[in-house]
Amino acid sequence: MSEELPPSDAGEHEAVVEEPRASDADAWATACAEDLEAEKARRRDRHGPPPGSAAEELRKLVDSVADKLSGLQSPLLGAVAGPAAQQVVRQVVEQAKAAVEPVIERNPDVFDHLAAAGNELLAAYRSAVQQQERRWTARTTDLREDPDEGDEGTGPGQRIDLD
């Protein structure tokens, strides 16, 4: 007698793969967003508001310089020329602001790129200075160890006997 197995239902015996429920994913995303907001608030409390874009910072700089220049009282010009000089300063400041504003409005990303390039240049300069300082201190340390040993040349920091 031949035994025939009944046809199997493939769907009945397959391993059930549980998919993450949408509510679990949403809860995780919500918790992460809340934690991020709490961290941002903590940093704002500790360090103040974060700096804006380079264009916004330039705008703030121009405004503060304009305020300072407008508020200056020049004792050299005297009481007679003082008001006229202040008016000229105000006009120059307003013209400078009028010239800078359109450039900032048209090209806000340029200032971010310039700020990034400035940071890169500063980092390169700092690295070069640190390397040079290491060379200077290494050379000074080598000369202080035993000045009588080795080369009798006339390098920096070596004594020359004239007798």
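- The structure places CD1 of Ile104 at 11.0 Å from CD of Glu57, a figure rounded to the nearest 0.5 Å.
- From Glu56, atom CD reaches atom CG of Leu61 across 13.5 Å, with rounding to the nearest 0.5 Å.
- Crowding of Arg126 atom CZ: a count of heavy atoms from other residues, nucleotides or ligands under 6.0 Å not exceeding 12.
- Counting all heavy atoms, side chain and backbone alike, Ala54 lies closest to Phe111 at CB-O, 3.2 Å.
- Put simply, the residue from Arg106, Glu101, Glu105 that forms a side-chain contact (heavy atoms from CB on, under 4.5 Å) with Val103 is Arg106.
- Taking OG of Ser127 as the start and CD of Gln132 as the end, the distance is 11.5 Å to the nearest 0.5 Å.
- For the side-chain contact (heavy atoms from CB on, under 4.5 Å) with Arg43, the qualifying choice from Lys40, Glu39, Arg46 is Glu39, the only one to do so.
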Q: Please lay out, stage by stage, how Arg59 and Val100 fare under the test side-chain contact (heavy atoms from CB on, under 4.5 Å).
A: CA-CA 8 Å; Arg59 194 174 282 127; Val100 168; over 6 Å; no
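- Remark: Leu114 CG to Leu121 CG distance equals 10.5 Å, nearest 0.5 Å.
- Closest non-hydrogen pair, Asp112 versus Ala55, comes out as OD1-N, 4.4 Å.
- For Gln131 and Arg134, the side-chain atoms include no donor-acceptor pair closer than 3.5 Å.
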